[in-house]
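Written out below as C-alpha cells is the structure these notes cover.
We count ligands from 1, going down the list as the structure has it; atoms in each ligand are counted the same way. Quick note: residue numbers are just sequence positions, from 1.
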Amino acid sequence: MKPDMKVALAGIEFSNPVIAASGTFGYGIEFEEIVSLERLGGFVTKGISLEPMAGHPAPRIVQTAAGMLNAIGLQNIGVKELLEKKLPALRRYPGCKVIVNVFGYTVDEYIGVIEQLNQGEGIAAYELNVSCPNVHCGGMTFGADADSLADLVERAKKAARRPLIVKLSPNVTSIALMAQVSAEAGADALSVVNTFRGMSIDPETRRPRLSHVTGGLSGPAIKPIALRMVYETAKSVSIPILGMGGIVTAEDAVEFLLAGAAAVQVGTASYADPRATERLAKELENWCRSHQVERVASLTGGVMA
Ligand SMILES: Cc1cc2nc3c(=O)[nH]c(=O)nc-3n(C[C@H](O)[C@H](O)[C@H](O)COP(=O)(O)O)c2cc1C
C-alpha cells in the first residue's frame, strides 16, 4: 500500500508535508541540481525585503553542540529580483509549492513587499517573518510584542492576495498568546518556530564568535523546546501549524506532526546534508508504510498526552 502523503493547509495542497525552511534553501532554484524539487512539498525562500540587503559581516555562522548559531542579518536579493529572476525559473517545478518569507523594518515595508509579491505568479503563500533575532528593529520586535504583532498581521492580511502564514518567535514567554493574537488578527496558518537567541565566545581571544555578537540557535539542540511550543500552539489555536526545529529524521518529523503540526519544515539539516529535505520526504513515506499509516494527515495532533 502506498500511503497518501498529501496534506492541505490554508487552502494549499502539498504533495507531501516536507518543506524546506527559510534561509536554508536559498531561493529554491539553486538546489535544482542537488534535490529533485518536485519531491518536496515545497520550500520557503530566504526572508525578502523591499530593497536588497547585504547582511552582517562574517563570521555569520558558528557550529555548536547539536546545532548552529547564525547571524546572517537577512542578506537577500530584494523583492524585485525575486520576481524577475528567481520565480520565473521555478515554474519548471509546479509540484513544489513556493512560499515567500517576507521581512520589513516597519509595517509599511512589510506591506510594500506583499503588494509587490501580489503582482507575481507562482507563489503559494506568504510567510511573515516576525521572528528574526538578528536585526535591531523589525523582525522579532514585532513578534515579541502582542500589540505590534496584532497590528502587523491585521494589515498584512488585508494587503495579501494569498494565504498568510505567520512565523512565530520562540523568544517569548507565552507562544500560545502570540499564536492567539496572530489567529485573531487573520493569520491563515502559523510557522513554529524561528531560531532561539544564543551566543558563543572564543575563550582564547575572549571575543564573541559571531560578528553580530548574538545569533539564532537552530538544529537538533532546539528540537525538544520547539516541539513543546508546537504542542502548546496547537492547543491554543485552530489554524494549521507548520512545525520545525531540529528535524533530521523521519521520526523527528512524525513527532512534530503528532504534536499538532500539519506540515514540517527542515532547515539546519540541509547544511549537514544538502539532500536532507528530499531524503526526509522519502523516509517519511517509508515510515508511514511500515507503520500502516494510510494518510500522513491522520498523524496531525495524534499525541496521546
Ligand atoms: C542560516 C539560517 C538562516 C535563516 N534565515 C531565515 C530567514 O530569512 N527567515 C526566517 O523566517 N527564518 C530563517 N531561519 C530560521 C529557519 O527557517 C528555521 O525556523 C530554524 O532554523 C529552525 O529550524 P531548523 O532547526 O530545522 O533549522 C534561518 C535559519 C538558518 C540556520
Side-chain angles (χ1 to χ4, degrees), residues 18-28 30 42-49 52-56 58-79 82 99-105 110 113 125-135 138-140 142-143 164-171 175 189-198 210 212 215-227 229-230 233 241-249 252-253 255-256 261 263-274 276-277 279-280:
V18 178
I19 297 168
S22 178
T24 63
F25 209 71
Y27 307 98
E30 300 82 1
F43 75 90
V44 188
T45 68
K46 175 69 189 164
I48 297 291
S49 48
M53 284 171 64
H56 298 312
R60 312 198 285 188
I61 286 184
V62 172
Q63 197 171 337
T64 67
M68 69 189 246
L69 278 167
N70 91 82
I72 305 293
L74 285 160
Q75 176 186 12
N76 78 94
I77 56 175
V79 65
L82 179 83
I99 300 173
V100 179
N101 186 274
V102 176
F103 173 78
Y105 284 111
Y110 277 99
V113 176
Y126 306 140
E127 181 178 73
L128 207 60
N129 178 3
V130 294
S131 41
C132 181
N134 299 324
V135 284
M140 205 175 84
F142 287 103
L164 184 73
I165 304 166
V166 176
K167 184 162 180 181
L168 297 180
S169 170
N171 301 297
I175 193 103
L190 299 171
S191 284
V192 182
V193 288
N194 210 316
T195 53
F196 291 72
R197 284 190 78 204
L210 290 169
H212 187 62
L217 183 65
S218 61
I222 69 171
K223 197 192 103 187
I225 321 178
L227 193 65
M229 290 185 154
V230 167
T233 304
I241 299 165
L242 297 97
M244 79 204 79
I247 295 176
V248 178
T249 65
D252 294 334
E255 282 189 69
F256 275 85
V264 293
Q265 291 188 21
V266 178
T268 301
S270 290
Y271 277 78
D273 168 13
T277 46
R279 173 184 53 77
L280 255 159

Ligand 1 to Gly246, heavy atom cutoff 4.0 Å, flagged ligand atoms 24 (P), 25 (O), 26 (O)

To atom 2 (C) of ligand 1, the nearest of Val192, Asn70, Asn129 on a heavy-atom basis is Asn70

Interatomic distance, OG@Ser218 vs CE@Met244, rounded to 0.5 Å, equals 11.5 Å

Going by the 4.0 angstrom heavy-atom rule, the piece of Lys223 near ligand 1 is neither

Those residues at least two apart in sequence (or on a different chain) that pass side chain to side chain contact (heavy atoms under 4.5 Å, CB included) with Ala269 are Val248, Val266, Ala276

The closest protein heavy-atom partner of atom 11 (O) of ligand 1 is Asn101 ND2, 2.9 Å

Among non-hydrogen protein atoms, atom 21 (O) of ligand 1 lies closest to Ser218 CB, 3.3 Å

Nearest heavy atom to atom 4 (C) of ligand 1, choosing from Gly23, Ser270, Gly73, Gly47, belongs to Gly23

Under 4.0 Å from one or more heavy atoms of Ala21, ligand 1 contributes atoms 17 (O)

Phe25/Tyr27 under ring-ring contact (aromatic ring centres under 6.0 Å, His included): CA gap, chis, key distance, verdict
CA-CA 6 Å; Phe25 209 71; Tyr27 307 98; over 10 Å; no

- Decide whether an N or O pair under 3.5 Å exists between Lys167 and ligand 1. yes

heavy-atom search around atom 26 (O) of ligand 1 in the protein gives Gly267 N, 2.9 Å

- Query: Does ligand 1 have an atom under 4.0 Å from some heavy atom of Gly219?
  - Reply: yes

Taken in chain and number order and not counting sequence neighbours, the residues that satisfy side-chain hydrogen bond (donor to acceptor under 3.5 Å, both in side chains) with Thr277 are none

The closest protein heavy-atom partner of atom 5 (N) of ligand 1 is Lys46 NZ, 3.0 Å

Of all protein heavy atoms, the one nearest atom 15 (C) of ligand 1 is Asn194 OD1, 3.4 Å

4.0 Å heavy-atom contact, Val193 with ligand 1
yes

Atoms of ligand 1 under 4.0 Å from any heavy atom of Met244, numbered from 1 in the order shown, are 18 (C), 19 (O), 23 (O)

shortest atom 14 (N) of ligand 1-to-protein heavy-atom contact is with Ser22 O, 3.2 Å

inquiry  = So is Tyr271 touching ligand 1 or not, going by heavy atoms under 4.0 Å?
reply    = yes

Does ligand 1 have an atom that lies less than 4.0 angstrom from a heavy atom of Arg60?
no

for atom 20 (C) of ligand 1, nearest protein heavy atom and its distance come out as Thr195 CG2, 3.8 Å

